[in-house]
Amino acid sequence: MALTGDLLIGGATRHGTAGDIHGLDAATGEKLEPAFGAAGPDDLEKACALAAEAFPIFRETDLEARAVFLETIAQNIMDIGDELVQRCVTETGLPQARVEGERGRTVGQLRLFAATVREGSFLEARIDPAMPDRKPMPRVDLRLRNVAVGPVAVFGASNFPLAFSVAGGDTASALAAGCPVVVKAHSAHPGTSELVGKAVQKAVKDCGLHEGVFSMLFGSGRVIGQGLVADPRIKAVGFTGSRSGGTALMATAAARSEPIPVYAEMSSINPVVLLGGALAARGEAIGKAFVGSLTMGAGQFCTNPGLILAIDGEGLESFVKGASAALGEAPAATMLTPGIHEAYCEGVKRLDGHSQVQKLAEGKVGEKFQGQAALFSTKAADFLANPELQEEVFGSTSLIVRCADEAELQKVLGSVEGQLTIALHMEEGDHDDARKLLPVLEEKAGRILVNGFGTGVEVAPAMVHGGPFPATSDGRSTSVGTLAIARFLRPVSYQDMPDALLPKALQEANPLNVPRRIDGKLG
Ligand SMILES: NC(=O)C1=CN([C@@H]2O[C@H](COP(=O)(O)OP(=O)(O)OC[C@H]3O[C@@H](n4cnc5c(N)ncnc54)[C@H](OP(=O)(O)O)[C@@H]3O)[C@@H](O)[C@H]2O)C=CC1
Ligand SMILES: O=C(O)CCC(=O)C(=O)O
């Protein structure tokens with residue numbers, strides 16, 4: 001399919017006239033064709049108007065029809081074939097196998113949401129039947145279900161050009177909830193975005209849905225992205241990216257005359273705690289495994305292990321030995337954009353130049369836009385005294401914090417900001433120490449994992465890919481897994497509503513056959 005660089009506004013395509021955006025070859029920095037036309041105010045207006053028009057119809061689509069729509073998107077993405085993989089590899093510098101794997105994850109995610117919609121428990125249907133004879137007061141008939149919140153703005157992420165982008169988890173969960181979506185495409189992979197966007201647009205048509213269910217705009221975040229979040233027809237936002245971008249959108253959403261929720265996944269350094277028994281038993285092996293996680297995808301994962309915590313001693317030295325040896329062999333890797341590469345190099349330079357930080361090891365030197373992995377170390381007291389050492393360096397760099405004892409380890413954990421993940425490495429003999437740490441780990445992170453690393457998030461019902469600020473803007477939510485749908489739903493209660501007027505999910509005969517909690521019990 002020849003790329004056109006057009007905006008997708010409902011069922012139409014049109015070339016934006018507010019400036020040109022070019023994808024870049026991530027490996028060389030060269031401009032790629034075609035030029036993508038940035039959206040202007042009229043395009044934004046049209047996309048939001050169509051989304052608002054589609055909303056009342058789309059939110060009441062049959063569950064089966066909505067599930068088929070999600071499956072059709074998945075199939076249409078697969079039908080693009082190799083062209084999608086090749087364009088994505090060129091625009092992002094990610095290896096082909098990774099892009100193919102991510103495509104599998106993306107379509108798997110869409111199909112999982114289709115199954116979630118069919119199953120129906122996301123509606124949270126509850127019925128508390130009337131008790132006319134209750135004394136001293138009769139009880140009213142109360143019925144509750146979730147409804148979609150309204151049109152959702154989705155910001156594609158640079159580092160997961162498929163799974164967290166145009167048809168990624170935010171879009172899939174918003175559509176599953178019954179919300180039309182307007183995507184602000186990430187300028188780092190516009191060709192990939194157009195191909196996937198057209199697959200979604202075609203699915204809307206294939207399934208006979210209102211054209212306003214999906215639109216996609218190119219343009220600068222500060223202009224078109226801000227305009228989208230400020231538009232009164234948008235009722236929620238999904239975002240994955242930088243802390244500065246996420247917090248800017250939170251401020252815009254909060255300043256509206258009708259404030260709306262922003263679900264932004266932003267900054268996390270994902271502490272890895274190495275307990276004594278594990279270090280003694282297999283410190284070197286953990287060090288080697290850690291480098292695998294650190295360098296995966298050039299370290300451009302929000303779950304990247306950016307902080308290692310352990311009590312100083314022989315065990316930690318064996319970890320350092322294993323990690324340093326593996327890191328020395330780690331090839332440099334092309335980063336997503338020249339800007340992200342530059343930010344990474346600056347971050348590494350900052351750590352390298354810090355008077356309280358020592359460099360322990362480096363990966364192989366690379367070419368122009370390739371990131372060289374690095375491992376640093378500092379003392380816990382210095383880490384506590386220098387809060388800037390907590391700042392995320394987005395890429396393959398990590399900092400070891402050497403603690404004097406358990407109390408200092410607890411103190412360091414208590415000082416870190418909210419995280420997506422915290423990993424514990426332990427043996428059975430470490431259970432007592434781990435038990436003492438669990439309360440602070442629960443307070444700090446959305447996912448606590450054992451003897452592993454946070455990279456490579458499973459898309460599953462029990463997954464939490466979230467965490468307290470700044471990991472996300474709302475630690476009560478997840479952007480991965482079936483629970484992600486809850487971000488785009490709100491409960492409505494119906495009191496003494498005649499059966500004929502009730503939504504199907506709450507009618508006495510349960511015509512949708514959805515799970516319901518009757519008088520507090522699942523029936
Ligand atoms: N923790 C994580 O998961 C991730 C963190 N990052 C961090 O972000 C840095 C830059 O990467 P990038 O992916 O471009 O992330 P950004 O946050 O810069 O961009 C993400 C999206 O938000 C838009 N945007 C950025 N700033 C604003 C703003 N003030 N108002 C409205 N929209 C905005 C961007 O548009 P436009 O590009 O047009 O400005 C883009 O579409 C990385 O170096 C890394 O530090 C990146 C990816 C993931
Ligand atoms: O680790 C993963 O698979 C997902 C990571 C992620 O959400 C991100 O890097 O933005």
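Atoms within each ligand, like the ligands themselves, are counted from 1 in listed order. Worth knowing before you read on, the calculation uses all heavy atoms, side chains too, and leaves out hydrogens, waters and symmetry mates.
Among protein heavy atoms, the minimum distance from atom 29 (N) of ligand 1 is reached at Ala248 CB, 3.4 Å. Gly221 CA, 4.0 Å is the protein heavy atom nearest to atom 23 (C) of ligand 1. Among protein heavy atoms, atom 45 (O) of ligand 1 sits closest to Phe394 CB, 3.4 Å. Protein heavy atom at the shortest distance from atom 6 (N) of ligand 1 is Gly241 C, 3.7 Å. Regarding atom 13 (O) of ligand 1, its nearest protein heavy-atom neighbour is Ser158 OG, 2.5 Å. Atom 2 (C) of ligand 2 has as its closest protein heavy atom Val457 CG2, 3.2 Å. Counting protein heavy atoms only, atom 8 (O) of ligand 1 is closest to Ser242 CB, 3.1 Å. What sits closest to atom 1 (O) of ligand 2 on the protein, heavy atoms only, is Thr303 OG1, 2.8 Å. In this structure, the protein non-hydrogen atom closest to atom 3 (O) of ligand 1 is Cys302 CB, 2.8 Å.
In this structure, Ala157 does not count as a contact residue of ligand 2, since none of its heavy atoms falls inside 4.0 Å of the ligand. At least one heavy atom of Gly219 sits closer than 4.0 Å to an atom of ligand 1.
In summary, the atoms of ligand 2 found under 4.0 Å from a heavy atom of Thr240, numbered by their order in the structure, are 10 (O). Close approach of ligand 1 to Glu392 is summarised as follows: ligand atoms under 4.0 Å from at least one heavy atom of the residue are 1 (N). Every atom of ligand 1 is numbered from 1 in the order shown, and the set under 4.0 Å from a heavy atom of Met266 is 1 (N), 2 (C), 3 (O), 4 (C), 5 (C). Atom numbering of ligand 1 starts at 1 in the shown order; those under 4.0 Å from a heavy atom of Glu265 are 3 (O). Every atom of ligand 1 is numbered from 1 in the order shown, and the set under 4.0 Å from a heavy atom of Gly245 is 26 (N), 27 (C). The atoms of ligand 1 that sit less than 4.0 Å from any heavy atom of Ser220 are 38 (O). Ligand-side atoms of ligand 1 in range of Leu249: 31 (C), range being under 4.0 angstrom from any heavy atom. Using a 4.0 Å cut-off to heavy atoms of Ser187, the atoms of ligand 1 that qualify are 38 (O). Of all the atoms in ligand 1, the ones that sit under 4.0 Å from a non-hydrogen atom of Phe239 are 17 (O), 20 (C), 21 (C), 22 (O).
Residue His186 places at least one N or O, backbone or side chain, under 3.5 Å from an N or O of ligand 1. In terms of polar-atom proximity, Thr240 is not counted as a contact of ligand 1, lacking any N or O under 3.5 Å from an N or O of the ligand. Taking any N or O of Phe301, backbone or side chain, none lies under 3.5 Å from an N or O belonging to ligand 2. Taking distance alone, with nitrogen or oxygen atoms compared against 3.5 Å, Gly156 stays at or beyond that limit from ligand 1. Residue Phe164 places no N or O, backbone or side chain, under 3.5 Å from any N or O of ligand 2. At least one N or O atom of Gln226 sits closer than 3.5 Å to an N or O atom of ligand 1. Where the criterion is an N or O separation shorter than 3.5 Å, residue side chain and backbone included, His465 meets it with respect to ligand 2. Considering backbone and side-chain N/O of Ser268, none are found under 3.5 Å from N/O of ligand 1.
When atom types are taken as modelled, the side chain of Glu417 and the backbone of Ala471 share no donor-acceptor pair closer than 3.5 angstrom. A donor-acceptor pair is defined here as one N or O able to donate and one able to accept, closer than 3.5 Å; no such pair exists between the side chain of Glu265 and the backbone of Thr240. Here the side chain of Asn304 pairs a donor or acceptor atom with the backbone of Leu294 at under 3.5 angstrom. Checking side-chain atoms of Asp25 against main-chain N and O of Ala27 turns up a donor-acceptor pair under 3.5 Å. A donor-acceptor pair under 3.5 Å links the side-chain atoms of Ser215 to the main chain of Gly10, judged by distance alone. In this structure, the side chain of His425 does not engage the main chain of Val273 through any donor-acceptor pair within 3.5 Å.
Taking every heavy atom of both residues into account, Val152 and Cys179 meet most closely at CG2-CB, 3.7 Å. Taking every heavy atom of both residues into account, Leu336 and Ala26 meet most closely at O-CB, 3.7 Å. Of all heavy-atom pairs spanning Ala74 and Val107, the tightest one is O-CG1, 3.5 Å. Nearest approach of Thr421 to Pro271, heavy atoms of both residues: O-CD, 3.6 Å. Between Ser165 and His189, the shortest heavy-atom contact is OG-NE2, 2.8 Å.
Closest to atom 6 (C) of ligand 2 by heavy atom, among Ser293, Cys302, Ser158, is Cys302. Across Leu420, Thr303, Ile340, heavy-atom proximity to atom 10 (C) of ligand 1 is greatest for Ile340.
Taking 4.0 Å as the cut-off between side-chain N and carboxylate O, Arg87 and Glu91 count as a salt-bridged pair.
Take Glu329 and apply the side chain to side chain donor-acceptor pair (under 3.5 Å) test, not counting sequence neighbours, and it matches no residue.
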Q: Using the side chain to side chain contact (heavy atoms under 4.5 Å, CB included) rule, take Glu392 and Arg243 through it: C-alpha gap first, then chi angles, then the decisive distance, then the call.
A: CA-CA 10 Å; Glu392 181 184 26; Arg243 187 167 176 164; over 6 Å; no
(Q) Run the side chain to side chain contact (heavy atoms under 4.5 Å, CB included) test on Phe58 and Phe69 for me, step by step, so that the C-alpha distance in whole Å, both residues' side-chain angles and the decisive distance to 0.1 Å come before the verdict. (A) CA-CA 11 Å; Phe58 184 57; Phe69 171 48; 4.0 Å; yes
Q: Using the side chain to side chain contact (heavy atoms under 4.5 Å, CB included) rule, take Leu249 and Gln226 through it: C-alpha gap first, then chi angles, then the decisive distance, then the call.
A: CA-CA 7 Å; Leu249 295 177; Gln226 287 287 347; 3.9 Å; yes
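Inter-residue side-chain proximity for Asn270 and Phe301 is flagged as unmet; no heavy-atom pair is nearer than 4.5 Å. Within the 4.5 Å cutoff, side-chain heavy atoms of Ile77 are placed close to those of Leu110.
Side-chain contact annotation: Ser293 with Thr455, donor-acceptor N/O pair under 3.5 Å present.
Residue Arg105 touches ligand 2 through its side chain alone, judged by heavy-atom distances below 4.0 Å. In Lys184, the part holding a heavy atom less than 4.0 Å from any atom of ligand 1 is the side chain. The proximity of Asn159 to ligand 2, defined as any non-hydrogen pair under 4.0 Å, is limited to the side chain.
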